[in-house]
Amino acid sequence: MRRTLIALALALLCITTPLLADDTPTIKELGPRLERVDYPYPVTMFPVQNQGQSLEMAYMDLKPEKPNGRTVVLLHGKNFCGPYWQATAEHLRVAGFRVVIPDQIGFCKSSKPRGYQYGIAQLAANTHALLASLGVDKVTVVAHSMGGMIGARYALMFPQGVEKLVLVDPLGLEDWKAKGVPWRSVDAWYASEMKTSYATIRAYQLKSYYDGKWKSDYGRWAVMQAGMYEGSGRETVAWAGALTYDMIFSQPVVYEFPDIRVPTVLIIGQADKTAIGKDAAPSSVQEKLGDYATLGKEAAAKIPGAKLIPLDGLGHAPMIEAPERFYKALDEAL
């Protein structure tokens, strides 16, 4: 574990420079597929044939020293890449779990095709195909943020292959459009994505993820995200971001929660305020969105037999904000 933590630290040192006077790091170009970033574990490319295209889905596969016979797949959020799961993966590996950490198509080290119909179900199907190729026929799904939407869809599509579903501050607990968030076109999302910078990422996460309290530990993941938007790959990354925002906004899973038939646990940061498109909504609507303290209870009531583990005072990314509290909740969930 020490060796892998050092490797990640060295990789992150390579992509950051000293802070400027306003505490904003200068961001280096990392490549549209993070070509200039070494992940903490070996990365393998799984070939994906989708929609007449040959694509690559990056993943890491961790094997435990003392296997307990169980496998966990960790599904990342919209604004994160596989490495933010590293400490969680080590926690699980020590407990005997095999851990698979994919980057979804359109994200991080995976392919970002321009002509692609992104779908939550498509990403769930890609994940299932990856696990099948690894000989995994039964898996515990631990899914965060956007990954929570994919995890819920995975459980609906492949219930026989899910031992347990753990949703960590998932998106999709509410239908933003139905609540009054204006629809926007892919072109509008793209225009917004083209303005992405470390400063915009930090401002958004500070407000929605971390309840207005920023720590230096959070910056490394914002730097990784921002680095993909630097240089020649900016348009490619922004276009993928636009298409995936449209996917998230227009494909809610909340209406199908009663149909989930696998053991489910929700780990919910009670200070989370995340809501897609919230910035474009009227102030009267904004006030009602992203209330995870309420949304978590409602989701647990809709999913048959679901258990809710609330994390008071934590926001959208508890595995980053308070790792030990998160591990305790995760151990309870598993």
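Keep in mind that the numbers below use all heavy atoms, side chains included, and drop hydrogens, waters and symmetry copies.
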Could you pull out all residues at least two apart from [X] that satisfy side chain to side chain contact (heavy atoms under 4.5 Å, CB included)?
X	answer
Pro64	Pro67, Arg93, Arg98
Ala275	Glu174, Trp176, Lys278, Leu289
Glu287	none

Can you list the residues that meet the side chain to side chain donor-acceptor pair (under 3.5 Å) rule with [X], with sequence neighbours excluded?
X	value
Asn68	none
Glu35	none
Lys288	none
Glu29	Ser232

For [X], ring pair (Phe, Tyr, Trp, His ring centres under 6.0 Å) partners two or more places apart:
X	answer
Tyr204	Tyr209
Tyr229	none
His144	Phe80, Tyr84, His316

Closer than 4.0 angstrom, basic N to acidic O: yes or no for [X] and [Y]?
X	Y	value
Asp217	Lys215	no
Asp279	Arg184	yes
Glu163	Arg70	yes

Interatomic spacing from CZ in Phe249 to CD1 in Ile276 - rounded to 0.5 Å: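 Reported value, rounded in 0.5 Å steps: 9.5 Å.
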I'd like to know if the side chain of [X] reaches the main chain of [Y], judged simply by a donor and an acceptor atom lying under 3.5 Å from each other, with no hydrogens or angles considered.
X	Y	result
Ser111	Ile105	no
Lys179	Val285	no
His76	Gly147	no

Gln49 and Ser54 side chains, donor-acceptor separation under 3.5 Å: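 On atom types as modelled, these side chains qualify, holding a pair under 3.5 Å.
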Modelled atom types, side-chain donor and acceptor of Asp187 and Ser185, under 3.5 Å: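 No - no donor-acceptor pair under 3.5 Å links their side chains.
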Side-chain donor/acceptor pairs under 3.5 Å, residues 319-327, sequence neighbours excluded:
residue	atom	partner	partner atom	Å
Glu321	OE1	Gly315	N	2.8
Arg325	NH1	Asp312	O	3.1
Arg325	NH2	Asp312	O	3.0

Validation row: Leu30, Glu230 side chains within 4.5 angstrom (heavy atoms):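 No - every pair of side-chain heavy atoms lies 4.5 Å or more apart.
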Pi-cation contact, Tyr39 with Lys109 (under 6.0 Å, within 45°):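 Yes, Lys109 lies over the aromatic ring of Tyr39.
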Atom of Ile309, atom of Ala333 and distance for their closest heavy-atom approach: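 Heavy atoms of Ile309 and Ala333 come nearest at CD1-N, 4.2 Å.
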Qualifying side-chain hydrogen bond (donor to acceptor under 3.5 Å, both in side chains) pairs with a residue from residues 234-255, counting only residues at least two apart or across chains: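 The answer is Asp175-Tyr255.
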